[in-house]
2 protein chains.
Amino acid sequence: MAAGQGSASGTDGQDTPAPDVAHALAAADARCARAGAQLTELRRQVLGLVLESDQPLGAYALLDKLKALRPGAAPPTVYRALDFLLEQGLIHKVERLNAFVGCVEAGHDHAHGHDHHHPHQFLICRDCGTTVEISDHAVAHALEAAAQRVGFTAIQATVEIEGRCATCSAAA
Amino acid sequence: MAAGQGSASGTDGQDTPAPDVAHALAAADARCARAGAQLTELRRQVLGLVLESDQPLGAYALLDKLKALRPGAAPPTVYRALDFLLEQGLIHKVERLNAFVGCVEAGHDHAHGHDHHHPHQFLICRDCGTTVEISDHAVAHALEAAAQRVGFTAIQATVEIEGRCATCSAAA
DNA sequence: GCCCGCATCGTTATACTGTAACACACATCG
DNA sequence: CGATGTGTGTTACAGTATAACGATGCGGGC
């Protein structure tokens with residue numbers, strides 16, 4: 001079993017045995033422990049699959065991968081795990097793609113007390129589809145200010161910028 | 001032709017409850033004319049339905065309403081119209097709700113030359129579900145700046161802020 | 001007039017995304 | 001032991017969106 005981490009399924013040229021993933025999983029463990037949440041085997045597997053991919057994965061793509069580890073997996077299997085991971089802030093959903101990515105800050109060890117969602121934004125390249133997560137505080141502040149201006153109390157923001165990444169810009 | 005739309009009546013042929021809607025439709029006409037696009041009867045009907053609603057409408061809710069005007073309407077009927085209206089910037093999609101709203105700026109008469117998408121943001125209340133569109137330039141600039149900081153060329157941004165509207169905040 | 005290409009729309013079928021509902025296993029607690 | 005709560009397996013279904021093909025109508029070139 002446990003061979004699951006590295007050579008996923010001949011994805012692309014990049015075959016990362018990913019010590020990053022192992023580290024992120026350990027951080028996730030600590031985070032869940034602090035939050036009193038259980039990072040079960042299933043949830044860890046799903047998180048691992050999301051983290052392994054450098055690009056957003058749809059729920060059913062994830063399901064396909066998960067089936068290699070859990071033959072009986074069905075849609076609710078993966079959706080329940082995803083819901084948990086979203087609640088814990090370990091992954092984010094890219095609404096425009098109906099897909100999920102590991103959270104860039106999940107690996108950071110914050111002082112306890114900061115266990116919730118952090119502001120984040122996605123940059124999605126129209127040409128190559130590459131999706132990058134950033135966490136820009138100026139954007140967060142602008143959003144907060146804009147909301148307050150109309151008496152709205154912001155809790156969480158979905159920000160997804162579509163455009164052209166540096167690589168594709170250079171190519172064009 | 002007695003396809004009533006519920007409220008307004010009495011006026012001859014035209015069955016438009018809101019003068020806002022009529023105005024917006026006229027503006028849409030002008031806009032499409034300038035863009036060399038055809039605002040056909042179907043598209044105008046769908047746009048009218050979206051504009052009539054003060055809240056986001058899902059494609060199938062829209063389809064149900066459209067069936068009153070066009071018995072044969074099917075999913076592609078409404079999706080094609082929505083695609084056109086999105087391209088023309090006459091409506092926006094709220095990704096988190098899989099729903100569509102009329103564009104707040106579509107009714108404004110801009111100097112020609114400004115026929116494309118404008119920056120916009122949605123405020124979605126968790127309690128009452130009310131969705132409001134704003135167009136905050138500070139947010140737009142912050143997004144642009146954040147993107148440029150990583151060499152990304154922004155073309156269009158989806159911004160949806162979830163939280164509590166003024167009314168629901170006051171109630172709580 | 002006639003043909004052709006194009007955009008629009010009708011129609012059927014299907015793919016993709018997400019949930020409801022119920023059953024079972026196990027752990028904790030009185 | 002029974003009761004409760006969480007996590008998971010399993011079946012079925014709801015909701016969202018698109019593919020594919022046909023029919024119509026309109027404008028341009030012959």
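Predicted, not measured: the structure shown is a model, and the values here were computed from it. Letters A, B, ... are given to chains in the order of the sequence lines, protein chains preceding strands, and every chain is numbered from 1.
Hydrophobic side-chain contacts under 4.5 Å tie B:F122 into a cluster, directly or through other members, with B:V94, B:L97, B:V101, B:I124. In this structure, A:I134 belongs to a hydrophobic cluster whose other members, linked by side-chain heavy atoms under 4.5 Å apart, are A:L123, A:V132, A:V139, A:L143, A:V150, A:F152, A:V159, A:I161, B:L123, B:V132, B:I134, B:V139, B:L143, B:V150, B:F152, B:V159, B:I161.
A:L82 has its CG atom 12 Å from the P atom of C:dT17, to the nearest Å. If you measure from atom CG of B:L39 to atom P of C:dA7, you get 18 Å, rounded to the nearest angstrom. Whole-Å rounding puts the A:L63 CG to C:dT19 P distance at 15 Å. Between the C1' atom of C:dC16 and the NZ atom of A:K93 lies a distance of 12 Å, rounded to the nearest Å. A straight line from CG of A:D64 to P of C:dC16 spans 10 Å, rounded to a whole angstrom. For the pair B:D83 CG and C:dA7 P, the computed distance is 16 Å after rounding to whole Å. If you measure from atom CG of A:L42 to atom P of C:dC26, you get 16 Å, rounded to the nearest angstrom. Protein atom CG of A:L62 is 16 Å distant from nucleotide atom P of C:dC16, rounded to whole Å.
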Without placing hydrogens or testing angles, list every side-chain donor-acceptor pair under 3.5 Å for residues 58-86 of chain B, not counting sequence neighbours.
from: B:R70; atom 1: NE; to: B:Q45; atom 2: OE1; distance (Å): 2.7
from: B:T77; atom 1: OG1; to: B:A74; atom 2: N; distance (Å): 3.0
from: B:T77; atom 1: OG1; to: B:A74; atom 2: O; distance (Å): 3.1

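A heavy atom lying under 4.0 Å from DNA chain D marks the following residues of residues 72-79 of chain A, by number: A:G72, A:A74, A:P76, A:T77.
For residues 134-145 of chain B, the pairs satisfying salt bridge (charged side-chain N to carboxylate O under 4.0 Å, His left out) are A:R149-B:D136, with sequence neighbours left out. Residues in residues 163-172 of chain B take part in these salt bridge (charged side-chain N to carboxylate O under 4.0 Å, His left out) pairs, two or more places apart or across chains: B:D127-B:R164. Listed by first and then second residue, the salt bridge (charged side-chain N to carboxylate O under 4.0 Å, His left out) pairs involving residues 37-50 of chain B are B:D29-B:R44 (not counting sequence neighbours).
Put simply, chain B comes within 4.0 Å of DNA chain D, heavy atom to any atom, from D:dT16 to D:dA20, going 5' to 3'.
When each of B:E41 and A:A59 is assigned the nucleotide of DNA chain C with its nearest heavy atom, B:E41 is the one assigned upstream, toward the 5' end.
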Quiz item: Does the pair A:H92 and A:H118 meet the rule for a side chain to side chain donor-acceptor pair (under 3.5 Å), with working shown?
Solution: CA-CA 10 Å; A:H92 293 308; A:H118 66 99; 3.2 Å; yes
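Put simply, A:N98 has a side-chain N or O that comes within less than 4.0 Å of OP1 or OP2 on C:dG18.
Aromatic stacking is marked for A:Y60 over C:dT17, as both cut-offs hold: 5.5 Å for the centres and 30° for the planes.
Within 4.0 Å (heavy atoms only), B:R80 reaches at least one base atom of the nucleic acid.
In this structure B:F100 satisfies the ring-ring contact (aromatic ring centres under 6.0 Å, His included) test with no other residue, sequence neighbours excluded.
Between the A:S135 side chain and the A:P119 main chain, a donor and an acceptor come within less than 3.5 Å of each other.
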